[in-house]
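Quick notes on the structure that follows.
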Amino acid sequence: MIAAEPLFRAEGLSKRYGGVIALDRADLEVHPGRIHAILGENGAGKSTLIKLMVGVVAPDEGRMTLQGREVAFARPAAATDAGVVCIFQELSLIPDLSVADNIMISHPPTRLGMIDRRRQRAIAEQALHRAGAGDIHPRALVKDLPLSRRQMVEIAKALARRPKILILDEATSALTASDVSKVFEVLKRLRTEGLALLYISHRMHEIAELADECSVFRNGRRISTFAAGTKTDAEVIELMIGREYKHAFPDKPVRKSNGRPPALQCKRLGWGDRLKDISFSLHAGEIIGLGGLDGQGQRELLLALFGVLRDCRGDILIDGDTVKIDSPVAAKSDHIGLALIPEDRKTEGLMLPMSVRDNLSAAAFDRFATFGIIDRQRQSALIDEMIRLIEIKTASPDLPVSALSGGNQQKVVIAKWLMNRPRIILLNDPTRGIDVGTKQEIYRLLRRLADDGAAILLYSTDYDELIGCCDRVLVMYDGAIRRELAGAEITERALISSALNVDDHEPTEASVG
Amino acid sequence: MSDAMASQQAHRGIAMLRRIDPAVAASFGCILLLLLVGSLYSRSFLSPDYLLQQLKVASFLGVIATGMMLVILLGQIDLSVPWVVTTGAMMACAVASHGTAGVILAIPCGILCGAAIGFLNGIGVAYLRIPSMIITLATNAVAQGLMVAYTGGFSPQDSASKAMRYLATGNVVPGLPNAVLVWAIIGAAAIWLLSRTTFGRAIYAIGNRERAAYLSGIDTRRVTMLAFALSGALSAFGGVLLAGYASKAAQSMGDAYLLPSIAAVVLGGTHILGGRGSYLGTVAGVVLITLLQSILSVMQISEAGRQLIYGAVIILMLLIYGRQKV
Amino acid sequence: EPETVKGPAAEPECMVPWAGDTKFFKFPAKKGPYRVALANGYIANTWRIQMIQTAKAYAAQPEVKAKLKEFKVVSTGEDVPAQISAINNFIDSGYDAIVVNAQNPTAFGPVIKRAKQAGVVLVAFDNILATEDAINVNVDQKGLGELWAKWLVKNVADGGKVLEVRGVAGTSVDTDRHNGFHSVLNGSGKKWQVTEVVGKWDDGVAQKATADAIATNGPFDAISGQGGDTGIVQAMLDAKHKMVPFGGETENGFRKFCAAKASEGLKCSSAGTGPAQVAVAIKVALAALEGKVVPQSVKLPLAVVEDPNFKKDQDYFPAQSDNFFVGNSFPTCGINFTAQEIMGQSKENQ
Amino acid sequence: MTEWRFWLAEQRGTLLAIGIFVAMFLIYATNHPAGFSANMVQTAANKATLLAFVAMAQAIVVITAGIDLSVGMILTLTNCLASWIVVGTATETALGVAGVLGTGLVCGMINGAIVIFGRLQPIVTTIATGAMYYGIALFLRPNPGGSVNETLADALTGRLFGVLPTSLVTLTLVALLIWVPYSRSVVGRAAFATGSSEVAAYMSGAPVRAAKFAAYTLAGLLSAIGGLFLTFFSYTGEAAYASGNAYTLFSIAAVVLGGVSLMGGRGSAIGAIFGALAFRTIGDLLFVFDFDPLWQPLFQGLVLMLAVSIGAFGLVRVRNRLEWFG
Ligand SMILES: Nc1ncnc2c1ncn2[C@@H]1O[C@H](COP(=O)(O)OP(=O)(O)OP(=O)(O)O)[C@@H](O)[C@H]1O
Ligand SMILES: Nc1ncnc2c1ncn2[C@@H]1O[C@H](COP(=O)(O)OP(=O)(O)OP(=O)(O)O)[C@@H](O)[C@H]1O
Ligand SMILES: [Mg+2]
Ligand SMILES: [Mg+2]
């Protein structure tokens, strides 16, 4: 459909990992001045394609051309030099360096062989502004920034490299709506400047807003490429998952009060100045959402409940009894029964090099060990059951989790806690970077768990999720619960306005994609 | 149904394959190679007597390296080995001089002293979050200080008891030195501990990513502390065995065990940053180091040459099989 | 600045000059009591601990104590610069004499210069200083090697296989003893086949090395060990090696074996100079301060006991630790510590 | 205002090291019998400079999340070499110095090459190369001895203008000429990046290999400067195994006291220098306090323990337990 010579072309790219075919003779054309979206289920091979493109891994077969010349980048640095820049799904920022250092890591301005920090800082500031993240201090250490800010730094870093082709592999997955809109403006501007953009995301509405053309991948192959807007969401999703697509969210049952005390209740919970007088109750069978802009204390609230934070004020009641939770060990004990699905699966949820078996066991030793001695049979039985139940795609439970795709890794994190049969489940953005199909499975799973009597507290950066999944939503702002929404009150408009701490009846200026 | 069966079998197959670590296999290969090269120099390197004696000597290092391995699996290191070994030996001998009760309590007391120092290391690492490399260095200095003061101040009794001697040099099973038996038992216990207990799995989990382990509700601090205590206890037990072997305890008897124990663990394929490694590998590493030292020791070359060859051979062996994956 | 004078020394029986051409010093007499320091290096082995115990015991003897205003001991560990700095500090702090067990014989040039300028008496012992500007209380290390070799030559009829267990490589003591040992063997006219292993003067290391040597190169017809000799005999026993003539150091444990196993063929020459030589060094330092004539290089007698003369509770002490170094008496200097004195002295102190 | 806070956060480790050192040195100086004199400062400076060079070497490697257990042996090797070749006329001496520094450089390059291209774990690699370097040192100096150009030696261990210890001046110069440019160069920053997260650094296109190679090479060079200084200080060469090992272990202690993170990515060689000065002062404290000689090692151990535990006090302020895991 586009006549002009493509800027970049890949032909017959394949990549095998042991028995797994990650990419199977895939091809792709990228044109300047266009945004090309790539869609596909978890494990479809999207990230693998990108890694081949920028030389992180070498293809088993196939060839790539850039501006008509054949290329094979040996290292990411070589790709960067040639103008192919990627923001990887796994962030590639260096935690102990400053934001400015990170942005200019590969080509800093130098004077007399030393880095010219003054100029570096100026360039970095400029790049941050271009990425719409002027609020980030260039001297701040990356490790001190929340995840959403880090992703903005990634984007600034990519921009500072003056790319010809910019690849974003789920670069917006941790961003809040307002950040996303800023990033989109930047991307659109880059498009007019003639850049070629490859955009990978699981968020359909982002793609609808942004893309000029879309390619759908399935099982390592490119299934279809079409101009954006020529297919409905449902059609696209069916292409992705290869079967018929049903309604995204399970029905919410009408919950009847049974007069029992709430499974979890907070009374005036506080922590430093990050959490202020949080009070709410969560009943068995209920799913409560936590909303609000990122970084308003949601993460801290979950951590406080899970016993990670010290010196918390206020009370936490489980089944009506005040309890003291001072560690995850206490939190998961039988009489409390908490579970926390953490935010960052790579560093907090998983031991990446260890097997699926070990990861699934880590939180639930008590279920198959007596006096600390593991009953192998019981362990295997439980694990096999859980892998079936959650439908984790792995050749064997003895494979390292690092070999699973992002979505399946996330399933392992959830399954790990389900192994322990928790009664109260705290989830910190569990569907980040997860494809629609898997998301649906997770939604159904959450509802099923709730129906079976679990109490669920779900933080999500995705408003659709809050609307579709939750019985009630607590919107947080600046460490406090700004508003509680229930039932039909949970609308995008209500969520956004309370997140921005403005009155519901005034129009909001935040545009959501 | 049959599908499930087949997949189960496939799982087992993969599990088995994964258990035979190529690094472990290669390190056992290197042992054979070393013996062959040695036999070119003298046939006696292949004699059962010599090999058994090497196993006996290796068992001291083996016991100590077992503790070191636990700690390395955590991603930590224990530099207090030298003086914990000495403390174990000297305290056992000291207690042994106090009548019958002393003789009975000698070995447990020695081990307990080591465990106490290890415990201190563990508290420092786990609860005070001091890097293990430095806190163990400090406790090593303190243990040395205690032993020097003790030797100078209390006219120590440093002869090993009969039991200690028997444990290190006797034969319960004819032909097999007790020390080797002790190592075999400790080794079996270590394998069991590492693979079949929650404690062992927790060690691997912490070594891979402590933060994730903590958030999984593993009491990472207690596990770390216990691992260090165990390391201390095993070092001290190594000291007790050594004292039995030499029939006495002496000040600097632990000096020769620090670097070899680290080298043995790493030669055995355990990752120095923690989380990966098998005990069988450590066994191979210990035997390798012991054999290498022994063969070099009797070859009539200058000490300078010995050191050169020792270093070069370790590097060569690691290059053969110890390379990290990229 | 001492003046170089003619001998003999003030106490000629004790302060025997090293050689015929050894200089004699006469320092300007200072008024007592004196501030004396002992700059030790490594401390964490039995020999050094015993040495420090002896130094303390000697300094506490009434007639010595009367001459001392202060006696300070500092152990600086293995590295030479720390010991050099300690001596510098002692000089700067105005000590009258410094006794040193040097970590390295050649490294102290600059310090010796400074001590000389400051008029501080510097006395080295055990590991001495390669200089003519400081006083050395000298053990004849080469002579020790020679003595052991002579013993083996005498006791093994027509040569054979010898196991030589050496000390710490790279040190002068090890090399001197080794050279002395070999020069005598080579000159003996008998055929010797020497197997060398490194024992590092440590029982454990020596025991292992010996065990290996016996298993691969044994059996041996004679053995010599620079240290760790208890371990060496232990390894022989463990390997059921026949008892053979042995030239070794003065560890109590070794001498116990020598006495017990002599009938089985363990014919020993046990020689060395125990840690008590520190007392001689202090004595020489005090003499120099008092303005008495002292040799620049004092030759210490070797404490030699040879088979069949091992006497209980005189040459060895069954009740004492194996690690205890015997040979603590220098009768010509009036220094005669018994084991009980050295080990017991501190008990009252604690 | 915020700029100032960022600067403070960056320099916290170094400032703490300076604080510890100043406090200790004040205790030492005020109790010194000779008082705060030029002699006393010179003595302390000469002794500490040596360790400071080795600590700088260690710090540069530790920043890349590696470790170099061969620094002490490179020091020993270059000391032995210098005692042969840094003699004679000015030209000969200059060539000798160049030769010694070049040797250190090559040793470091060997370490770097093995770690990078052999993909071996630094800990055991440098244990092995350390043995080899010691072997060579022993070849060079089977006995202590040799000599050095005494004019140069005296100049570099003496005083400038009668007050300023030349060794401190040299140390400052080396820090300014090596560390400052290095830490601000692209490669230096890549070294920090590598230590902080090697994968991220690689993905970001930072020159990871060059950074590691440069770090080990510089470590070799700095150790060689240490070895050279040892020669100037002692006028001789000696292949002393125990002392080489001691320097290696001390360098780790100094680096930690100097606020360099053993996990890599954080710290500075300046901090390590002050860590070394502080560590050396621990030894000096013996001199001014009247301890029974046999209790001195214990005292030293306890002070070291205390010093390394100071960092743990920050733990009280940590209110998010996840921060334990860095
Ligand atoms: N290093 C590896 N070792 C083994 N298998 C791998 C490895 N990396 C990827 N795979 C496999 O390759 C397949 C494709 O993975 P890829 O990461 O490209 O998926 P993706 O489309 O990016 O999925 P997601 O949306 O979850 O990120 C998956 O089945 C995955 O398990
Ligand atoms: N690590 C850093 N990251 C980002 N900006 C930095 C960093 N270090 C310095 N800067 C900024 O770069 C500018 C000039 O740096 P310069 O090299 O002069 O540092 P400096 O002010 O001397 O700092 P220092 O004394 O800490 O080295 C300053 O505006 C400073 O804020
Ligand atoms: Mg992906
Ligand atoms: Mg994904």
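Each chain gets a letter, A, B and so on, in the order its sequence line appears, and its residues count up from 1. What you see below is based on every heavy atom in this structure, not just the backbone, and it leaves out hydrogens, waters and symmetry mates.
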Exercise for review: Could you look at D:S309 and say if it's the side chain, the backbone, both or neither that has a heavy atom under 4.5 Å from chain B?
Suggested key: both

Practice item. Show your working on side chain to side chain contact (heavy atoms under 4.5 Å, CB included) between D:I67 and B:M133 and close with a plain yes or no. Key: CA-CA 11 Å; D:I67 193 148; B:M133 202 173 258; 3.2 Å; yes

Exercise for review: Provide the closest heavy-atom pair for B:I315 versus D:L120 in the form atom of the first, atom of the second, distance.
Suggested key: O-CD1, 4.1 Å

Point to revise | B:R221 versus chain D, the contacting section by heavy-atom distance below 4.5 Å | key: side chain

**Study point:** Contacting region of B:L267 [heavy-atom separation from chain D under 4.5 Å]
**Key:** neither

**Study point:** Heavy-atom proximity to chain D below 4.5 Å, by part of B:T139
**Key:** both

Review point. Are any non-hydrogen side-chain atoms of D:L304 and B:V142 less than 4.5 angstrom apart?
Key: no

Check your understanding: Side chain, backbone, both or neither: which part of B:L120 has a non-hydrogen atom closer than 4.5 Å to chain D?
Key -> side chain

Check your understanding: Does a sphere of radius 6.0 Å around CZ in B:F119 hold more than 12 heavy atoms from other residues, nucleotides or ligands, not counting ones at 6.0 Å or beyond?
Key -> no

Study note, to complete from the structure: Tightest non-hydrogen contact, residues D:L138 and B:E303, listed as CD2-CG, 3.5 Å

Point to revise | Side chains of D:L294 and B:Y150 in contact at under 4.5 Å (non-hydrogen atoms) | key: no

Point to revise | Sub-4.5 Å side-chain heavy-atom contact between B:I262 and D:V124 | key: no

Practice item. For chain B, find its close neighbours in residues 248-258 of chain D: heavy-atom separation under 4.5 Å, sorted by number, or none. Key: D:L249, D:I252, D:A253, D:V256

**Study point:** Residue among B:I272, B:N140, B:I314 with most heavy-atom pairs under 4.5 Å to chain D
**Key:** B:I272

Check your understanding: Counting heavy atoms not belonging to D:M263, are there more than 12 under 6.0 Å from its CE?
Key -> no

Exercise for review: Among the options B:A304, B:A263, B:A312, pick out the one with the most heavy-atom pairs lying under 4.5 Å from chain D.
Suggested key: B:A304

**Study point:** Closest contact, heavy atoms only, D:P297 versus B:V148
**Key:** CG-CG1, 4.1 Å

Check your understanding: Are any non-hydrogen side-chain atoms of D:F139 and B:L308 less than 4.5 angstrom apart?
Key -> yes

Revision key, fill the gap. Smallest heavy-atom separation, B:L319 atom then D:G118 atom, equals CD2-CA, 3.6 Å

Exercise for review: For residues D:G301 and B:A141, report the shortest heavy-atom separation together with the two atoms involved.
Suggested key: CA-CB, 3.7 Å

Check your understanding: Which bit of D:L302 comes within less than 4.5 Å of chain B, counting heavy atoms only: side chain, backbone, both or neither?
Key -> both

Point to revise | Main-chain N/O of D:M132 paired to B:Q307 side chain as donor or acceptor, under 3.5 Å | key: no

Point to revise | Toward chain D, the part of B:I130 with a non-hydrogen atom under 4.5 Å | key: side chain

Practice item. Would you mind checking which part of B:T136 comes under 4.5 Å of any heavy atom in chain D, side chain (CB onward), backbone (N, CA, C, O), both or neither? Key: neither

Practice item. May I ask you to test the B:L259-D:N245 pair for a side-chain heavy-atom distance under 4.5 Å? Key: yes

Point to revise | Spacing of B:T220 atom OG1 and D:R321 atom CZ [to the nearest 0.5 Å] | key: 11.0 Å

Check your understanding: Is it the side chain or the backbone of B:L215 that comes within 4.5 Å of chain D heavy atoms, both, or neither?
Key -> side chain

Point to revise | Heavy-atom check, side chain of B:Q144 versus side chain of D:L298, under 4.5 Å | key: no

